[in-house]
Amino acid sequence: MEKLQVLRGMVDLLPSETILWQHIEESANRHFKKAGVSEIRTPLLEATELFSRGIGEATDVVGKEMYSFLDRGNRNCTLRPEGTASVVRSVIQNGLTSQGPQKLWYSGPMFRYERPQAGRQRQFHQIGLEFIGFGSPRSEVEAISIAWDLLKELGVTGLNLEINSLGNDEDRKTYRKNLVAWLEENFKSLDSDSQTRLKKNPLRILDSKNPSTKALLTNAPNLKDFLSKESKERFQKVEDELTKLSIPFEVNPMLVRGLDYYSHTAFEITSSDLGAQSTVCGGGRYDGLVEQLGGPSTPAIGWAIGMERLILLLSRNEPETYYSPTYYLVNRGEQAESFALKVARDLRYHNQNVELDLSSAAFSKQLKRADRSGAKWAVLIGDTEAKEHEVILKDLRSKKEERSKEERLKLKDLLKRFS
RNA sequence: GCGGGCGUCGCCAAGUGGUUAAGGCAGCGGCUUGUGGCGCCGCUAUUCGGGGGUUCGAAUCCCCUCGCUCGCCCCA
């Protein structure tokens, strides 16, 4: 039989890795609580239409990256490729919009059928924030600062924040017309990828990594010059407030995000330590989405952090930490093994971390394992001790030169230490 | 979807056409029927991702395929 293995682009998280994952999840949880942001959990599976309508039919995500299938009732289903559409759907469906503005966060797996590479998997995880019902530039700054501080708190260094204004729909429409006209004049000088994009999604050409196209674009019409007065003022406000908070940023006029629903402020937090997929956090304003998905006209802003990319950054700085029990129960002999089950449980009732050796191996073997487990104490139990309801407590941290401290005591006396 | 690199034990690896595929780590057993950190001894790949071919002979050469990886694309 062929070896069974995970599907392409999917990964197992092993015990040595889940420690870091839990650490990040706990920090995020605490961080959101401090900022008055509540968690929302939505299903991984949604109607395909939610994403085709929400994200945009023309985007690559919808066009060629979704995991879609017909279920047994012939419904067209899709494993969510991102979180925002689901959250908005849920907010509308459950009438949260009529309960005032919502500050929400979520975390969990997303699915995109892409070729895997560094920082890109088919199942990946995002932690995301959505402010729904908030239209002020201050809400953008608040959203950005929550992301920035979370990453800082986690100890990520070498981050760059880039922001840009995409303006309102009108601004963008006018700009698009002008840009396309200019690009068509310069069609021959574009690389072939950009030539195809010209029809599909011309704004994305601004993001091109092709050096000659990049050079060419320095002369292209600038989105900034097409922003309305209101759009400009709003963006200026964002810049001012970020500056007051001492959050360093850079305005990148070429920053255009790939999902159709973005408007006004868009931003990305990147790290040069990540390779080609350098965005750790990306987001922006999406004022039209709630209405587009059937809700009342509602402004909103959100972002998402890529967990795997964050992990890549963290495992560079942080020493690996493994779970270690406080007590390791060494036990051998019929009565001892039975008694040890009880000792383990009693210690855990007193909130102690206990690993019970289940091997029946020689004492020396078990002690060797106790030592490697990183436990502070070995608790030795043989039949002699079991008969007397006693244990031997041995300090595993004493240095090898000195004789190890060892103490024989009744189980109840050991337990008294914790009450 | 398109390019480049790679694929020998759970992990790290030597081997690049010729009798039994090094070694290290981890694991297991023992030296030590009840006392760790060190040491020593032993065991652990009929097989080199899978399939086909060339050859007297292949882990080593060729073809196909699968997977990993890096980049393009795309995005978190």
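A, B, ... follow the sequence lines: proteins, then strands. Residue 1 opens every chain.
- One C1' atom belongs to B/U8, the other to B/G24, and the distance between them is 15 Å to the nearest Å.
- Checking the phosphate oxygens (OP1, OP2) of B/C66, no side-chain nitrogen or oxygen of A/R8 falls inside 4.0 Å.
- Separating the NE2 atom of A/H125 from the C1' atom of B/C75 is a distance of 17 Å, rounded to the nearest angstrom.
- For A/R309 against B/C75, a side-chain-to-base donor-acceptor contact under 3.5 Å is present.
- A/I392 comes within 4.0 angstrom of a nucleotide base, judged by non-hydrogen atoms across all strands.
- Between A/R80 and A/E46, no side-chain nitrogen of the basic residue sits less than 4.0 Å from a carboxylate oxygen of the acidic one, so the salt-bridge criterion is not met.
- Rounded to whole Å, atom P of B/G27 lies 9 Å from atom CZ of A/R369.
- If you check every strand for non-hydrogen atoms under 4.0 Å, A/E406 touches a base.
- Look at CD1 on A/I24: it is 14 Å from C1' on B/A76, rounded to the nearest Å.
- Annotation: of the two residues near RNA chain B, A/M307 and A/K368, the 5′-most nearest-nucleotide partner is A/K368.
- Following rounding to the nearest Å, A/L396 (CG) and B/G37 (P) show an atom-to-atom distance of 11 Å.
- Side-chain N/O atoms of A/R257 include one lying less than 4.0 angstrom from OP1 or OP2 on B/A76.
- Taking 4.0 angstrom as the limit, A/Q117 places a side-chain polar atom (N or O) nearer than this to OP1 or OP2 of B/G71.
- For the pair A/R172 and A/F226, the cation-pi test (distance below 6.0 Å, angle within 45°) is failed.
- For A/R120, no side-chain nitrogen or oxygen approaches OP1 or OP2 of B/C70 to under 4.0 Å.
- Across all strands shown, B/U35 forms no Watson-Crick or G-U wobble pair with both key distances under 3.5 Å.
- One atom, NZ of A/K209, and another, P of B/G71, lie 9 Å apart when rounded to the nearest Å.
- The two residues A/R53 and A/Q292 have their closest heavy-atom pair at O-NE2, 2.6 Å.
- Here CD of A/E388 is found 13.0 Å from CG of A/L411. Values are rounded to the nearest 0.5 Å.
- One interatomic measurement links the two molecules: OH of A/Y328 to C1' of B/U35, which rounds to 14 Å at whole-angstrom precision.
- Remark: the separation of the P atoms in B/U54 and B/U16 is 25 Å, to the nearest Å.
- Look at B/G3: its Watson-Crick or wobble partner, with both distances under 3.5 angstrom, is B/C70.
- Atom P of nucleotide B/C75 and atom OH of A/Y261 are separated by 11 Å, given to the nearest angstrom.
- Proximity of A/R197 to the phosphate of B/C74: a side-chain N or O atom is located under 4.0 Å from OP1 or OP2.
- Note: CG (A/L313) to C1' (B/A76) measures 12 Å, nearest angstrom.
- Contact between the side-chain N/O atoms of A/R204 and the OP1/OP2 oxygens of B/C75 is found at a separation under 4.0 Å.
- In summary, A/R138 and A/E142 do not engage in a salt bridge, as defined by a charged side-chain N under 4.0 Å from a carboxylate O.
- Within the shown strands, B/C43 is the pairing partner of B/G27 under the Watson-Crick or G-U definition, both distances less than 3.5 Å.
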